[in-house]
Asks: 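Take a look at the following structure, please.
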Amino acid sequence: MLRTHTCGELNKNDAGKKVTLSGWVDSVRISGKIGFLDIRDRYGKTQIFLNKDLANEFRNLNKEDILQVIGEVKARPPQQVKEPGTGEVEVSATTVNLLKKVPPLPLDLDVESTEETRMKYRYIDLRKPEMRNALVIRHKLTMAIRKYMDEQGFLEIETPFMAKSTPEGSRDYIVPSRNFPGQFYALPQSPQIYKQLLMVGGLDKYFQIVRCFRDEDLRADRQPEFTQLDLEMSFIDEEDIYSMMEGLVQYVFKEVLNEDIEIPFPRMTYDQTMEKYDSDKPDIRKETGKKYSFLWVTEFPMFEFSKDANRYIAMHHPFTSPNKEDMQYLHNDKDKVRSRAYDLVLNGSEIGGGSIRISDDAVQKEVFTAIGLSEKEAEKKFGCLLNALKYAPPHGGLAFGLDRWAMIMAGKDSIRDVIAFPKNKDARCLMMDAPSEVSGEQLDEVGLSLKK
Ligand code: ASP
């Protein structure tokens, strides 16, 4: 190891120890005779004292140069201590090794840079304490989720990224196949069908922290690839989902933020929220007086009329179970059909949604017909699911937008602030410069030629 300690862990109890620290020069003050510098890493900063010889040798040191410092920990006089922890000590250097002299940074960490510069030099931008903190919160969040899900008996199971187009109501990212020119994989908009197939496979309680891909126009809270906490359970109804998820939310908020969240969450049907708030994701903080106000919105309509498509489409997705007593309206009075879909709303934004699924192939076929899919098309697109549903247990689940959860927990306004390497609003990665052209040879291999 190039260090015995991090830059964030020494304190007055370490006085007298010989230590080696490695990190970045955070600030440097070298006068004619002596020098002080702060050395920084992920964990914090420690002050280094340079004697006359070292101060002289390193008088050209700059911020962000990378150093290794060997020296002795000295307690600072109490009147000099401004902060507990590393503020109580300094390391009196005996040896300083310049691990790397760096050119000036492309962005100044102490001033606000343009979004473009931040994205282009994200690897430097990530050094900002607020970026680091956001990623720490995100890490804690995913760790807490995994712990809770494991304790509840869920299995984390990976599902393919190279998949077949499935509809979540968005455009697919497609991947050409070399082995089958003219054929394409689609990156999944969600693992929806796979997780239902896992239930048919008897896996019973599935979850996955998983990337989803949707080719949509972007806004501050959208990314072409984003992360979901995706889950599915067998032999359950809505009540089981609500209580399992309330337990999750309560556990995670306690673990990550030490916040006590009251459960159960209030519930309203879609019709009630629309009547009272004219919104299906009302912010009810004023009524509850709480900092974090959760609300289940239930019984969403099964269908909505799409002007673009000029037909009814599934409001959640077509694998959602219609309400049994509304089945009679499926073909003639679609506006009347309620579904077994639910959303979890936090402070006026939808943070998760799901449904009890159709677990009967005949009902699934009827719903496909209701959204205008011919039997032939349904078979072509969803033949595998239709067949599998013949063997399916009752099941349901939901997915949470994990980036948004992390954003809310980290107190940020954009999900880009809780993603290490996000795309910009044009879906470009300015840092790696993607998307980019590929060679004619690569196109040939997959049997494609570009339109002029
Ligand atoms: N697959 C759905 C979505 O991505 C969530 C669900 O129904 O579980 O919105």
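Predicted model only: the values in this text are computed from it and were never measured. Remember, it's 1-based here, ligands and their atoms both numbered in the order they're listed. Throughout, residue positions are numbered sequentially from 1 according to the sequence presented.
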Asks: Please work out which of the three classes, parallel, tilted or perpendicular, describes the rings of Phe400 and Trp405, given edges at 30° and 60°.
Replies: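 Judged by the thresholds at 30° and 60°, the geometry between Trp405 and Phe400 is tilted.
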Asks: Any heavy atom of Gln196 closer to ligand 1 than 4.0 angstrom?
Replies: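 Contact check Gln196 vs ligand 1: negative.
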Asks: Only one of Arg340, Arg267, Arg338 passes salt bridge (charged side-chain N to carboxylate O under 4.0 Å, His left out) with Glu299; say which it is.
Replies: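 With Glu299 as partner, Arg340, Arg267, Arg338 yield a single salt bridge (charged side-chain N to carboxylate O under 4.0 Å, His left out), made by Arg338.
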Asks: Once the angle between the rings of Phe300 and Tyr270 is folded into 0 to 90°, is it parallel (under 30°), tilted (30 to 60°) or perpendicular (over 60°)?
Replies: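 If you compare the ring of Phe300 with that of Tyr270, the planes turn out tilted.
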Asks: Check the angle between the aromatic planes of Phe265 and Trp296 and answer parallel, tilted or perpendicular using the 30° and 60° thresholds.
Replies: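 Phe265 and Trp296: tilted rings.
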Asks: N/O to N/O below 3.5 Å, does that happen between Arg357 and ligand 1?
Replies: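 Indeed, backbone or side chain, Arg357 has an N or O that close.
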Asks: Do Lys276 and Glu287 sit within salt-bridge range, that is, some charged N less than 4.0 Å from a carboxylate O?
Replies: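 Salt bridge between Lys276 and Glu287, a charged N being under 4.0 Å from a carboxylate O: yes.
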Asks: Which is it for Glu350 and ligand 1 at heavy atoms under 4.0 Å: side chain, backbone, both or neither?
Replies: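 Answer for Glu350: neither.
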Asks: Looking at Asp26 and Arg40, does any basic side-chain N land under 4.0 Å from a carboxylate oxygen?
Replies: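 Arg40 and Asp26: salt-bridged.
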Asks: Is His316 close enough to touch ligand 1? Criterion: a residue heavy atom under 4.0 Å from a ligand atom.
Replies: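 In this structure, His316 qualifies as a contact of ligand 1 - some heavy atom is under 4.0 Å.
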Asks: Measure from the ring center of Phe319 to the ring center of Phe382 and say whether it is less than 6.0 Å.
Replies: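 Yes, they do, as the ring centres are separated by less than 6.0 Å.
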Asks: Is the closest heavy atom of Gln189 to ligand 1 under 4.0 Å?
Replies: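 It does not, in that no heavy atom of Gln189 comes within the 4.0 Å cut-off of ligand 1.
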Asks: Would you mind running through ligand 1 and noting each atom that sits below 4.0 Å from a heavy atom of Arg214?
Replies: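 That gives atoms 3 (C), 4 (O) of ligand 1.
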Asks: Gln192 heavy atoms, cut-off 4.0 Å: which ligand 1 atoms fall inside?
Replies: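 Checking each atom against Gln192, I get 1 (N), 2 (C), 5 (C), 6 (C), 7 (O), 8 (O).
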Asks: Between Lys195 and ligand 1, which residue portion shows a heavy-atom distance shorter than 4.0 Å: side chain, backbone, both, or neither?
Replies: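 Lys195 to ligand 1: side-chain contact only, backbone stays beyond 4.0 Å.
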Asks: Could you tell me whether some N/O pair between Ser190 and ligand 1 is separated by less than 3.5 angstrom?
Replies: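 Yes, there is a polar N/O contact under 3.5 Å.
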Asks: So if I count the atoms of ligand 1 from 1 in the order they appear, which ones are less than 4.0 Å from some heavy atom of Gln228?
Replies: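 Listed by number with element: 3 (C), 4 (O).
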Asks: Taking only heavy atoms of Gly354 into account, list the atoms of ligand 1 that are under 4.0 Å away from them.
Replies: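 Counting atoms of ligand 1 from 1, those under 4.0 Å from Gly354 are 6 (C), 7 (O).
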Asks: Number the atoms of ligand 1 from 1 as they appear, then name those within less than 4.0 Å of a heavy atom of His317, with their elements.
Replies: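 Answer for ligand 1: 2 (C), 6 (C), 7 (O).
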Asks: Can you run down the salt bridge (Lys or Arg N to Asp or Glu O under 4.0 Å) pairs that involve residues 189-210, sequence neighbours left out, and say none if there aren't any?
Replies: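 Listed once each, the pairs are Lys195-Asp230, Lys195-Glu232.
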